[in-house]
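I have placed the structure first, in the form of structure tokens, so that the comments after it can refer back to it.
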Amino acid sequence: MNGDAHDTAVVAEDDDGIRLDRWFKRHRPGTPHALIARWARSGELTLDGKKADVSDRIEAGQRIAMPVPPAAPSGPRPRKDKPLSPADIALAEAMVIHRDASALVLDKPPGLATQGGTKTESHVDGLLGALQGDAPVRPKLVHRLDKDTSGALLVARTPRAAAWFAKAFSNRSAKKTYWAIVVGVPDIAQGEIDLPLAKQPGSGGEKMHVDEKGLPSKSRYRIIERAGNKAAWVELQPLTGRTHQLRVHMAAIGHPIVGDGKYGGKDAFLTGTISRKLHLHSRRLRIDHPDGGALDVSAPLPDHFAASLDALGFDPILGDLLVEDEPRTPPKAAQKAKAKAHAKQVRKARRGERRGRAEAKAKPAGKVGAKRGPAKAGARKPSKPAPRRPR
């Protein structure tokens, strides 16, 4: 890297697996592709200190370093948001379930994409201008939900908040809790799914699959309630942030999320009055707030999910009764202290075992002597000395 001013960024969980040029479109809009390619050719664009190419797939936690673009870069200007209709503005306002100086939490409805793409004109990102108000900058997405997934979606209102939240998602200190209805009932009431995931070849990157050479992926689940052997209402927590992770993991253990035909096929649909929509909901989001304290927001269930709970006889109150605040990974200091205490207990137990064995050896000897005492006194007659031989 030359002596010019440069910029750095850490890849967030939600950007894991995307191309480097796609990252620029998301986080450095307006930077011309030709300029990015020139940085790559000259070695000024790096990933973890190594020369990068615009087509490289990036991973969560990697550090991107690049020059600061000129104040007025040559090339096309960033695309302006299309004008919002009164209906768009009303929809944006209706989604807000939390608002403060630094953050917004939206309740994203199912069927609405988080960001735009090919043939996707209606999306949350395109509605954020309606929520800017008097702020100097437009609100910014800091994570995403699949188009058909509903629930809590965090938006930053300032660049400082955006950087803060992005770091929290990157280091996995943000806690996301999802609710889902799955087909069938897992044999184990709660557990952790540890299956590496990769993009499925031939799907254009739109579908994931379990692949031993893929990226490490972990999800936690537990059953909230079951409807016989037909279905289960489960709580899910992604411990990593891979694309479609919860959907792929549940399908991989034989219990696809209801309505997820992409990964569960025809077996992902229940008969009767159960909706064919995806039953995956971002229920609760907990994250440290840049202004101090913590942000803890729960999103209400969409109509189709609530109706399915009712149809299957599930009690909505049970979902929030589970204890879900235990730490996912104990701090290293706590782990060391726990290991030290365990080792101390083991040593203490071994000392007790050795002491017990020593006492056990001593006690039988005393008992035998006590029994032999009377025998020597009377039961057994002393033997007569052997007669002397005459000389």
Side-chain angles (χ1 to χ4, degrees), residues 7-16 23 26-29 60-64 92-108 114-115 124-125 127-145 149-179 218 220 235-241 281-300 319-338:
D7 187 14
T8 60
V10 176
V11 178
E13 288 283 355
D14 288 325
D15 295 321
D16 187 271
W23 182 90
R26 288 183 182 177
H27 302 285
R28 300 293 188 274
Q62 285 186 313
R63 181 173 294 277
I64 303 171
E93 287 291 345
M95 287 193 292
V96 178
I97 53 177
H98 171 86
R99 189 195 312 256
D100 62 47
S102 297
L104 296 167
V105 180
L106 310 181
D107 179 17
K108 189 188 84 64
T114 303
Q115 290 180 299
V124 174
D125 194 35
L127 299 174
L128 294 182
L131 303 176
Q132 181 171 341
D134 297 330
V137 295
R138 185 177 181 277
K140 181 180 180 181
L141 290 167
V142 290
H143 74 120
R144 295 172 294 153
L145 295 176
T149 301
S150 58
L153 181 67
L154 181 62
V155 177
R157 301 190 71 186
T158 67
R160 171 177 169 270
W164 176 278
F165 291 137
K167 184 177 180 181
F169 281 109
S170 178
N171 63 25
R172 301 175 189 171
S173 63
K175 297 180 181 179
K176 296 179 285 185
T177 301
Y178 290 76
W179 282 354
K218 293 183 180 182
R220 181 178 293 155
E235 175 194 278
L236 302 172
Q237 290 182 324
L239 305 186
T240 53
H281 179 69
S282 175
R283 171 61 176 176
R284 185 179 177 189
L285 175 65
R286 289 163 290 171
I287 191 169
D288 290 338
H289 198 284
D291 300 331
L295 184 62
D296 188 342
V297 182
S298 295
D320 291 318
L321 293 181
L322 290 174
V323 178
E324 53 181 45
D325 293 324
E326 71 276 3
R328 293 176 180 174
T329 304
K332 289 184 178 180
Q335 288 179 321
K336 289 181 179 179
K338 186 177 180 180

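Here, residue 1 is the first one in the sequence, and each next residue gets the next number. The model shown is predicted, which means the values in this text are computed figures rather than measured ones.
Atom NZ of residue Lys175 and atom CG of residue Leu239 lie 11.0 Å apart, to the nearest 0.5 angstrom. Between atom NZ of residue Lys176 and atom CG of residue Leu153 there is a gap of 10.0 Å, rounded to the nearest 0.5 Å. Between atom OH of residue Tyr178 and atom CD of residue Gln237 there is a gap of 11.0 Å, rounded to the nearest 0.5 Å. Here Leu127 contributes atom CG and Lys108 contributes atom NZ; the two are 11.5 Å apart, rounded to the nearest 0.5 Å.
Partners of His281 by side-chain hydrogen bond (donor to acceptor under 3.5 Å, both in side chains), not counting sequence neighbours, listed by chain and number: Ser150. Applying the side chain to side chain contact (heavy atoms under 4.5 Å, CB included) rule to Ala166 yields no partners; only residues at least two apart in sequence or on another chain are considered. In this structure, Trp164 has no ring pair (Phe, Tyr, Trp, His ring centres under 6.0 Å) partners at least two apart in sequence or on a different chain. For the side-chain hydrogen bond (donor to acceptor under 3.5 Å, both in side chains) test, no residue two or more places apart in sequence or in another chain qualifies with Arg63. With sequence neighbours excluded, the residues forming a salt bridge (charged side-chain N to carboxylate O under 4.0 Å, His left out) with Asp291 are Arg160, listed by chain and number.
In summary, of the residues considered (Asp107, Asp296, Asp320), a salt bridge (charged side-chain N to carboxylate O under 4.0 Å, His left out) with Arg283 occurs for Asp320 alone. Residue Leu154 is tested with Leu106, Val105, Leu141 for a side-chain contact (heavy atoms from CB on, under 4.5 Å); the sole match is Val105.
Among residues at least two apart or in separate chains, side-chain hydrogen bond (donor to acceptor under 3.5 Å, both in side chains) pairs with a member in residues 92-101 are Glu93-Arg99, His98-Asp100, Asp100-His289.
The backbone N or O of Lys218 sits less than 3.5 Å from a side-chain atom of Thr240, completing a donor-acceptor pair. In this structure, the side chain of Lys140 does not engage the main chain of Pro159 through any donor-acceptor pair within 3.5 Å. Of the possible polar contacts, one joining the Ser282 side chain to the Ala152 backbone as a donor-acceptor pair under 3.5 Å is found.
Two residues are said to be in side-chain contact when any heavy atoms from C-beta on lie closer than 4.5 Å; Leu131 and Val155 fail this criterion. Arg144 places none of its side-chain heavy atoms less than 4.5 Å from the side chain of Thr149.
The heavy-atom pair separating Val137 from Gln132 by the smallest distance is O-CG, 3.3 Å. Summarising the geometry of Ser298 relative to Arg284, their closest heavy-atom pair is OG-CG, 3.6 Å, with the distance given to 0.1 Å. Across all their heavy atoms, Ser102 and Ala161 have their closest contact at O-CB, 3.4 Å. Across every non-hydrogen atom of Ile287 and Ala168, the tightest pair is CD1-CB, 3.6 Å. Closest of all the heavy-atom pairs between Ala156 and Phe165 is CB-CD1, 4.0 Å. Of all non-hydrogen atoms in Ala101 and Thr158, the two that sit nearest each other are O-CG2, 4.0 Å.
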Test side chain to side chain contact (heavy atoms under 4.5 Å, CB included) applied to Asp7 and Arg28, step by step = CA-CA 11 Å; Asp7 187 14; Arg28 300 293 188 274; 2.8 Å; yes
Is there a side chain to side chain contact (heavy atoms under 4.5 Å, CB included) between Arg220 and Thr177 once you walk through the steps?
-> CA-CA 10 Å; Arg220 181 178 293 155; Thr177 301; over 6 Å; no
